[in-house]
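A, B, ... follow the sequence lines: proteins, then strands. Residue 1 opens every chain. Everything numeric here is computed off the predicted structure, so don't read it as measured data.
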Amino acid sequence: MALKIHNTLSGLTEELIPGGIKKEIISDYPPVTIYSCGPTVYSYAHIGNFRTFVFNDLLNRYLKFRGFKVRHAMNITDVDDKTIAGAKKDGITLKEYTEKYTEIFLEDIKSLNIHPVDEMPKATESIDAMADILKRLEEKDIAYRKDGSIYFSIAKFPQYGRLSRLDQREIKSGLRYDTDSYEKEDARDFALWKASAPGEPSWDTPLGSGRPGWHIECSAMIRKIFGGTIDIHTGGVDLIFPHHENEIAQSEAAYGERFVRYWIHSEHLLVDGAKMSKSLGNFHTLRDIVGKGYSPRSIRYLLLSAHYKKQLNFTFDGLKQAEAALERIDNFIIRLNDIKNENQSNPEIDNIIMEFISKLTDRMDDDLNTAGALGVFFDYIHDINSIIDSNKISKNDAQKIFDAINRIDSVFGFIFYKDKKEDDIDPARIESLIKERAEAKAKKDFKKADEIRDTLQKEGIILEDSKDGTRWKKKK
RNA sequence: GGCGCCGUACCCAAGUGGCAAGGGAGAGGUCUGCAAAACCUUUAUUCAGCGGUUCAAAUCCGCUCGGCGCCUCCA
């Protein structure tokens with residue numbers, strides 16, 4: 001079975017063919033080139049933003065799991081109206097301002113166990129590549145100047161609207177144009193390059209001084225990093241129009257070749273049934289939620305527990321359910337680690353593992369169905385737990401099971417990932433108390449035994465008795 | 001108004017033509033001094049509603065009701 005992903009451009013779920021030429025063996029493909037729209041670093045990102053970034057990470061990790069080579073870039077937008085306004089308000093330079101929020105963003109994605117991408121270009125460091133696009137569009141008479149700004153003439157790009165399925169007439173009837181629309185030849189045209197304004201940062205290019213329009217940086221970076229057509233471009237659904245539509249227009253008009261093969265868009269995170277957004281004020285930042293005692297790990301789980309193409313309504317109840325699900329996984333890992341039996345290897349284990357990996361791959365191959373894949377994983381946990389209960393399992397078997405889970409965690413990234421601080425736990429003291437309690441139990445002094453257990457529980461340590469003795473774990 | 005998505009148990013959520021995965025919560029049981037964990041059993045004759053196509057539909061078609069997104073900065 002081949003990996004299939006839903007392509008917004010065609011509206012179909014298509015087999016992923018990197019480079020556009022079908023090969024028999026995945027390792028024969030050239031690296032999958034991916035560009036993801038990154039953050040504008042003007043404040044803290046909210047968990048709706050992170051849904052998209054966690055999805056990008058999932059895509060990256062799953063492609064590698066399937067044997068693809070990957071080249072993944074994500075931009076940092078470090079100049080726009082909001083960053084300029086923010087820097088002004090704080091009385092610092094644009095660079096100081098955006099570096100601060102870039103740092104915060106990097107810390108946040110790290111705490112969500114998002115793997116670093118290969119390239120993280122900044123808009124302000126890609127000006128020359130933007131200038132190249134501007135030059136080409138001017139030469140082809142597709143861009144025009146008005147009061148020092150440069151605009152893209154949509155009338156000269158007939159395919160405009162294909163991605164978003166909005167035909168030109170409908171866009172025009174939208175009636176709400178930019179405030180500066182009177183400067184444009186056509187209200188639908190968009191700014192490629194904005195004239196420098198007093199008190200605002202600007203960059204000198206052969207085409208004059210100014211600053212980038214919103215859309216041009218992505219086109220420029222993709223050209224600069226990847227050269228030509230890329231395989232995958234990702235982003236949230238709200239970027240389909242106008243951002244991605246405009247990227248296609250300017251790139252394809254400038255270079256005369258296909259811009260992107262597969263457009264992948266992830267759905268919104270909702271709060272109380274409405275899109276989580278800064279402007280509505282109904283957002284939670286990662287730090288707000290962590291401050292309430294929830295772990296980034298459970299947020300990662302929650303964000304991956306629904307299919308990326310479906311809206312996901314965020315609630316704290318949902319987050320608690322995610323924590324409970326993770327606890328089930330953690331208990332399973334603890335039981336697995338506890339197996340000491342050296343012999344009596346179970347001949348069924350290899351088959352169970354193979355079937356597990358194969359089923360999970362099938363689900364993920366079908367447009368990254370993480371919810372379905374989780375179902376497969378929990379079935380697996382259930383099956384293995386039953387075998388552990390019947391005691392038909394050896395330490396060697398446990399190791400094989402462990403290895404398989406390790407493989408799939410290279411995709412999920414929430415099974416072994418621990419993000420809680422190791423607080424002042426003294427294992428030696430706990431072990432000695434467990435020993436003391438065992439002696440009390442042997443003398444049937446259950447009062448004392450329970451006291452020891454209660455004391456530790458108050459410290460956040462849970463004791464569990466089994467046939468092979470007592471084990472302990474931290475309370476979640 | 002145009003375009004698109006969605007409506008599955010108490011909550012979350014897969015399944016898109018062959019007769020309802022999984023997680024959470026709840027109930028009963030096994031094990032245990034008790035507890036915890038785990039295991040077993042259990043909770044949708046039914047998939048928003050109404051029609052239609054079919055041997056067969058949650059899955060396809062039509063209509064109705066309800067929710068969301070995009071068309072404007074936005075992940």
Run the salt-bridge test on [X] and [Y] with the 4.0 Å N-O cut-off and return the result as yes or no.
{"X": "A:R287", "Y": "A:E107", "result": "yes"}
{"X": "A:K474", "Y": "A:D330", "result": "no"}
{"X": "A:K359", "Y": "A:D362", "result": "no"}
{"X": "A:D365", "Y": "A:R66", "result": "yes"}
{"X": "A:R471", "Y": "A:D338", "result": "yes"}
{"X": "A:D389", "Y": "A:R335", "result": "yes"}
{"X": "A:E245", "Y": "A:R188", "result": "no"}

Parallel, tilted or perpendicular: rings of [Y] and [X] (30°, 60°):
{"X": "A:F190", "Y": "A:F152", "value": "parallel"}
{"X": "A:H284", "Y": "A:F314", "value": "tilted"}
{"X": "A:F416", "Y": "A:F402", "value": "tilted"}

Nearest to the [X] side chain among [options], which nucleotide is it?
{"X": "A:V237", "options": "B:G69, B:C73, B:G2", "value": "B:G69"}
{"X": "A:K82", "options": "B:C34, B:A13, B:C73", "value": "B:C73"}
{"X": "A:K441", "options": "B:A13, B:A75, B:G33", "value": "B:G33"}
{"X": "A:K275", "options": "B:A38, B:G33, B:C70", "value": "B:C70"}
{"X": "A:E464", "options": "B:C70, B:G2, B:A37", "value": "B:A37"}
{"X": "A:F241", "options": "B:A38, B:C71, B:A75", "value": "B:C71"}
{"X": "A:L269", "options": "B:C73, B:A75, B:C68", "value": "B:A75"}

Practice problem: For A:T33 and A:D231, test the side chains for any donor-to-acceptor distance below 3.5 angstrom and give the result as yes or no. | Solution: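 On atom types as modelled, these side chains qualify, holding a pair under 3.5 Å.
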Is any side-chain nitrogen or oxygen of [X] closer than 4.0 Å to OP1 or OP2 of [N]?
{"X": "A:N369", "N": "B:A14", "result": "no"}
{"X": "A:S386", "N": "B:C40", "result": "yes"}
{"X": "A:K310", "N": "B:A14", "result": "yes"}

Practice problem: Tell me, with the steps shown, if A:Y62 and A:L3 meet side chain to side chain contact (heavy atoms under 4.5 Å, CB included). | Solution: CA-CA 10 Å; A:Y62 187 64; A:L3 170 57; 3.8 Å; yes
Under 4.0 Å, heavy atoms only, any strand: does [X] hit a base, just the sugar-phosphate, or nothing?
{"X": "A:I388", "result": "nothing"}
{"X": "A:R162", "result": "nothing"}
{"X": "A:S277", "result": "nothing"}
{"X": "A:L239", "result": "sugar-phosphate"}
{"X": "A:H307", "result": "sugar-phosphate"}

Can you tabulate the close N/O pairs, meaning under 3.5 Å, that link protein atoms to atoms of nucleotides 19-23 of chain B?
| from | atom 1 | to | atom 2 | distance (Å) |
| --- | --- | --- | --- | --- |
| B:G23 | N2 | A:Q321 | OE1 | 2.6 |

Self-check item: Nucleotide B:A38, atom C1' - distance to OH of A:Y380 in whole Å
Solution: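 One finds 17 Å between C1' of B:A38 and OH of A:Y380, rounded.
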Quiz item: Reading RNA chain B 5' to 3', how would its secondary structure be written in dot-bracket notation, given Watson-Crick and G-U pairs with both distances under 3.5 Å, brackets [ ] for crossing pairs and | for partners on other strands?
Solution: ((((((((.[[[..)..(...]]].(((((.......))))).....[[[[[..)....]]]]])))))))....
Quiz item: P atom, B:C70 versus B:G24: distance in rounded Å?
Solution: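 B:C70 and B:G24 have their P atoms separated by 34 Å.
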Quiz item: Taking atom P in both B:A14 and B:A27, what distance in whole Å separates the two?
Solution: 27 Å
Quiz item: Heavy atom of residues 444-456 of chain A under 4.0 Å from RNA chain B: which residues?
Solution: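 Under 4.0 Å from RNA chain B: A:F446, A:D450, A:R453.
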Exercise. For A:F50 and for A:D389, find the nucleotide of RNA chain B with the closest heavy atom, then tell me which residue's nucleotide is more 5'.
Key: A:D389
